[in-house]
Amino acid sequence: MSAALDAAVLAPAVVMSLTESGRTTTGEAVLFWVIAPITVVAAFGLLFARKAVHAALSVVLVMISLAFLYVAQDAVFLGVVQVVVYTGAVMMLFLFVLMLVGVDASDSLVETIRGQRWIGWLAGIGLGVVLVSVVGRATWATPVGLAEANADSNPVGVARLVFGQHVFAFEVVGALLVTAALGALVLTHAERLTPRRGQRERAVARVRAGGPLTPLPAPGVYARSNAMDVPALGPDGRPLEQSVSRVLRVRGQAADSPGTLVPTTRPDGTVTLAPAGSAGDAGRRREVEARPDPTVGRDAAEAGSDAASDAASDAAAEGVRP
Amino acid sequence: MSALLGAVDAGLGTAANVPVTADFSQDNGWIWLLKAVALVAFLLTSVLIAIWFERRVVARMQVRPGPNVHGPLGLLQSLADAMKLLVKEDVTVRAADRLVYVLAPLIAVFCSLLTLAVIPFGPEVSIFGVLTPLQLTDFPVAVLYVLACASVGVYGLVLGGWASNSTYPLLGGVRSTAQVISYELAMGLSLVSVFLMSGSMSTSQIVDSQRPLWWALPLLPAFVLYVISMVGETNRLPFDLPEAEGELVGGYTTEYSSMKFAWFFLAEYINMLNVSAVATTLFLGGWRAPWPLSAIGDGVLNTGWWPVLWFLAKVWGFMFLFVWIRGSVLRFRYDQFMKLGWKVLIPAALAWVVCVAVVQGVRQFADVDLRTLLLAIAALFAVVFVVALALPEGRRPEPPRRRRDEPFDPFAGGFPVPPLPGQTLPPSPRKDRALAQTARPADGPETETPEVTR
């Protein structure tokens with residue numbers, strides 16, 4: 001908060017002083033007065049936006065506006081790199097986290113770190129002091145001139161400063177960032193307790209479990225109606241219960257398929273088409289269910305747990321509330 | 001070999017401390033306007049042609065005719081499609097975040113239009129009596145500007161996915177962020193070696209530094225890395241995960257229709273042209289004529305308006321590559337895609353940059369001839385290779401050998417497998433049963449033993 005206010009208040013003052021001392025061209029001043037209000041509004045947008053993504057967008061706008069100003073002041077490298085690194089990578093990471101986690105205005109704002117406010121105030125004051133000193137050095141020091149600063153092209157000039165004069169600070173910041181990344185890795189690292197189940201292991205388990213290996217048939221295929229709750233008919237004309245969504249079956253909402261015609265063997269041996277659910281068919285179904293389960297055996301326990309977990313994930317995918 | 005080394009040396013010799021080679025001193029406002037309008041017109045017509053081109057080439061690869069009804073060879077098909085998109089109903093989802101929803105396609109298109117401003121199409125030509133380079137502008141960090149435009153352009157995809165307020169677009173947007181973060185790193189690192197060799201980040205200077213030899217040859221690993229990551233950057237198959245139609249309906253474009261969808265479409269094709277133009281400029285000598293042509297008439301084909309032809313030919317070569325890849329490679333699974341980015345491309349790019357930097361540093365500070373240096377590196381590799389051969393190999397665990405006399409159990413692994421050479425199938429129980437049945441047909445199914453599965 002204080003940083004944004006500082007920037008909003010200090011920046012015009014700096015430019016005013018520069019204009020008075022005759023070092024800013026008219027074009028640059030016009031550009032500044034176009035971009036500066038946008039930047040300030042965007043900075044306030046960061047503070048007051050209700051949605052986290054809007055706040056992130058405001059930061060993007062601030063960064064791009066600042067990049068324009070840098071380029072106008074002949075700091076081409078700084079301006080472009082700011083967009084590449086901060087807008088393109090850092091803010092993109094922010095957006096990634098925002099979209100993945102779904103930070104909302106309704107989230108709790110309980111302060112979990114003790115003395116958070118005092119630390120915040122201290123850091124804010126520190127930032128303010130740094131900003132004031134930077135502005136002071138820019139305002140009262142004798143300028144070298146852009147032509148001399150950019151004598152060996154802008155990137156080379158920046159490189160001289162970064163890898164010469166400020167190399168220690170640069171390395172310290174690098175170490176800090178590496179430490180932070182390592183800390184995040186250590187905090188989020190979890191030992192794997194079970195062996196990883198890749199595509200191959202899953203395929204093996206599926207074959208072992210003895211269930212259907214192909215995708216289940218869609219409901220209604222070859223049946224009289226292609227509604228969701230009507231079982232498909234197999235090549236032998238019998239309804240395939242598996243083709244109806246498990247949710248419908250559990251809820252008892254699958255069509256009893258009375259209208260489905262299935263081949264039925266009459267007592268006299270002839271085969272005719274009769275509505276499903278008639279006596280012969282029911283008997284046949286019972287017979288089907290009574291057939292020994294091929295999964296019974298050495299891997300029955302594993303297969304059973306596998307099927308259960310699969311069913312649970314199916315149910316989750318279909319949005320079942322128990 | 002020595003000719004190649006001499007070429008690299010000469011290329012480095014031209015990389016003086018001049019930030020930008022192209023001379024824009026004679027340009028005036030009209031020339032600028034003319035160039036800018038020409039660039040936009042070029043991009044828009046190229047997109048129309050690119051869509052037709054892609055459909056025709058993919059059709060050819062799939063042995064079918066492709067669009068061939070409207071206009072000669074079906075050339076006007078894209079125009080008809082564009083008209084159709086224009087007059088379609090423009091649906092705005094009610095739950096969408098209106099401002100961002102409308103802004104997203106705009107960001108995608110505008111950022112994609114910016115890139116070609118710094119790409120040189122040719123050397124200095126005379127336009128209405130004004131000598132000017134065939135390039136809108138150039139500055140010391142022009143290639144970084146290209147990267148910046150690309151990275152801001154991805155915000156269009158990401159925000160489009162978020163603003164639709166719908167599940168599949170959101171997933172597409174999240175994938176897009178992850179993709180741009182991981183593939184831009186590899187892309188940027190692969191460009192660094194070009195910067196190191198040509199001593200500049202300005203496009204005209206980089207083209208100038210490739211005078212004897214295109215950087216694609218000495219910097220082949222960087223070129224390969226760039227080509228892979230440019231496909232990832234433009235969300236084209238096999239890396240089109242943000243809009244994977246098999247998994248996410250249409251990804252970030254799911255809730256977009258009419259002109260808003262058309263803008264995403266436009267941005268994707270312009271981006272393809274952009275990355276092709278960048279690859280041409282940085283690795284394939286830009287507008288310079290390929291070797292046998294460049295030797296004709298003391299390089300006359302490298303002057304005037306001729307280079308535009310070579311440049312366009314190279315760009316369309318890359319466009320063909322895009323279509324070819326799309327026609328032959330399947331979409332990656334998401335985790336495979338991320339693994340490729342973080343575990344293969346980025347480490348490889350880092351290692352390559354370090355190699356190039358070490359070679360360049362040694363040459364600059366130790367005053368060693370490039371040939372001696374490369375020979376020394378080759379000798380080092382040879383020594384490492386020989387030592388690796390001489391080292392005793394760690395004992396590998398012996399593969400479990402199956403004994404001959406052990407009966408072969410086809411169900412040992414849980415599912416039936418055919419016998420390997422040297423193994424014989426046990427006699428089938430079904431065969432016995434069939435024989436028994438034919439012998440005693442009267443017994444029927446009552447005495448049939450239950451089917452044995454194992």
Side-chain angles (χ1 to χ4, degrees), chain A residues 51-54 56-57 60 63-64 67 71 74-100 102 150-158 198-199 203-210 213 291-299 302-303, chain B residues 17-20 97 99-100 103-104 107 111 139-155 158-159 161-163 169-182 184-185 188 195 199-202 205 333 335-336 411-416 450-454:
Chain A
K51 287 182 179 168
V53 171
H54 287 173
L57 277 187
V60 170
M63 285 172 177
I64 294 179
V71 173
D74 268 10
V76 194
F77 183 78
L78 188 61
V80 176
V81 161
Q82 150 131 333
V83 174
V84 173
V85 174
Y86 286 96
T87 317
V90 175
M91 278 320 288
M92 200 52 102
L93 264 179
F94 265 85
L95 266 186
F96 178 70
V97 174
L98 286 183
M99 289 163 83
L100 204 65
N150 285 341
D152 307 325
S153 87
N154 186 245
V156 176
V158 173
Q199 203 167 11
V204 169
R206 207 176 304 135
V207 174
R208 258 187 204 161
L213 295 179
R291 217 167 55 174
D293 188 353
T295 61
V296 173
R298 188 173 61 192
D299 314 314
E302 189 201 335
Chain B
N17 256 347
V18 189
V20 176
D97 189 306
L99 177 70
V100 184
L103 203 64
I107 295 176
C111 293
F139 42 92
V141 289
V143 183
L144 289 186
Y145 160 84
V146 170
L147 285 181
C149 291
S151 60
V152 177
V154 180
Y155 273 92
V158 176
L159 294 176
W162 177 79
L170 182 70
L171 288 175
V174 171
R175 283 183 174 191
S176 191
T177 52
Q179 187 160 333
V180 72
I181 292 166
S182 23
E184 233 181 33
L185 272 176
F195 301 158
S200 170
M201 287 184 271
S202 107
Q205 172 98 41
R333 219 172 54 207
D335 59 328
Q336 294 170 333
F411 286 90
F415 49 91
E451 192 183 331
V452 182
T453 52
R454 298 201 46 203

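Hydrogens, waters and symmetry mates play no part in the numbers below; they use all other heavy atoms, side chains included. Everything numeric here is computed off the predicted structure, so don't read it as measured data. Throughout, protein chains are lettered first and strands after them, A, B, ... in sequence-line order, and every chain is numbered starting at 1.
The part of V152(B) that comes within reach of chain A is its side chain, from C-beta onward, which places non-hydrogen atoms under 4.5 angstrom from that chain. Looking at V180(B), the atoms closer than 4.5 Å to chain A (heavy atoms on both sides) all sit in the side chain, from C-beta outward. The part of V60(A) that comes within reach of chain B is its side chain, from C-beta onward, which places non-hydrogen atoms under 4.5 angstrom from that chain. Neither the backbone nor the side chain of R175(B) comes within less than 4.5 Å of any heavy atom in chain A. Interface remark: L185(B) contributes no atoms to any contact with chain A (heavy atom separation under 4.5 Å). Heavy atoms closer than 4.5 Å to chain A are found in the side chain of I181(B), but not in its backbone.
Considering all non-hydrogen atoms of both residues, M92(A) and S151(B) come closest at CE-O, 4.0 Å. Closest approach of V141(B) to V80(A), counting heavy atoms only: CG2-CG2, 4.0 Å.
Side-chain atoms of Y155(B) do not come within 3.5 Å of backbone N or O of L57(A) as any donor-acceptor pair.
Heavy-atom pairs under 4.5 Å with chain A were tallied for L159(B), D335(B), L171(B), L147(B); the largest tally goes to L159(B).
Side-chain contact between V53(A) and V100(B) is absent, with no heavy atoms from C-beta onward closer than 4.5 Å.
One distance of note links CE of M91(A) with OG1 of T177(B); it measures 12.0 Å at 0.5 Å rounding.
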### Task
Go through R333(B) and Q199(A) one step at a time and tell me if the side-chain contact (heavy atoms from CB on, under 4.5 Å) criterion holds.
CA-CA 11 Å; R333(B) 219 172 54 207; Q199(A) 203 167 11; 2.7 Å; yes
### Task
Show your working on side-chain contact (heavy atoms from CB on, under 4.5 Å) between H54(A) and L99(B) and close with a plain yes or no.
CA-CA 10 Å; H54(A) 287 173; L99(B) 177 70; over 6 Å; no
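Sparse packing is recorded around OH of Y86(A), with 12 or fewer heavy atoms of other residues, nucleotides or ligands lying under 6.0 Å away.
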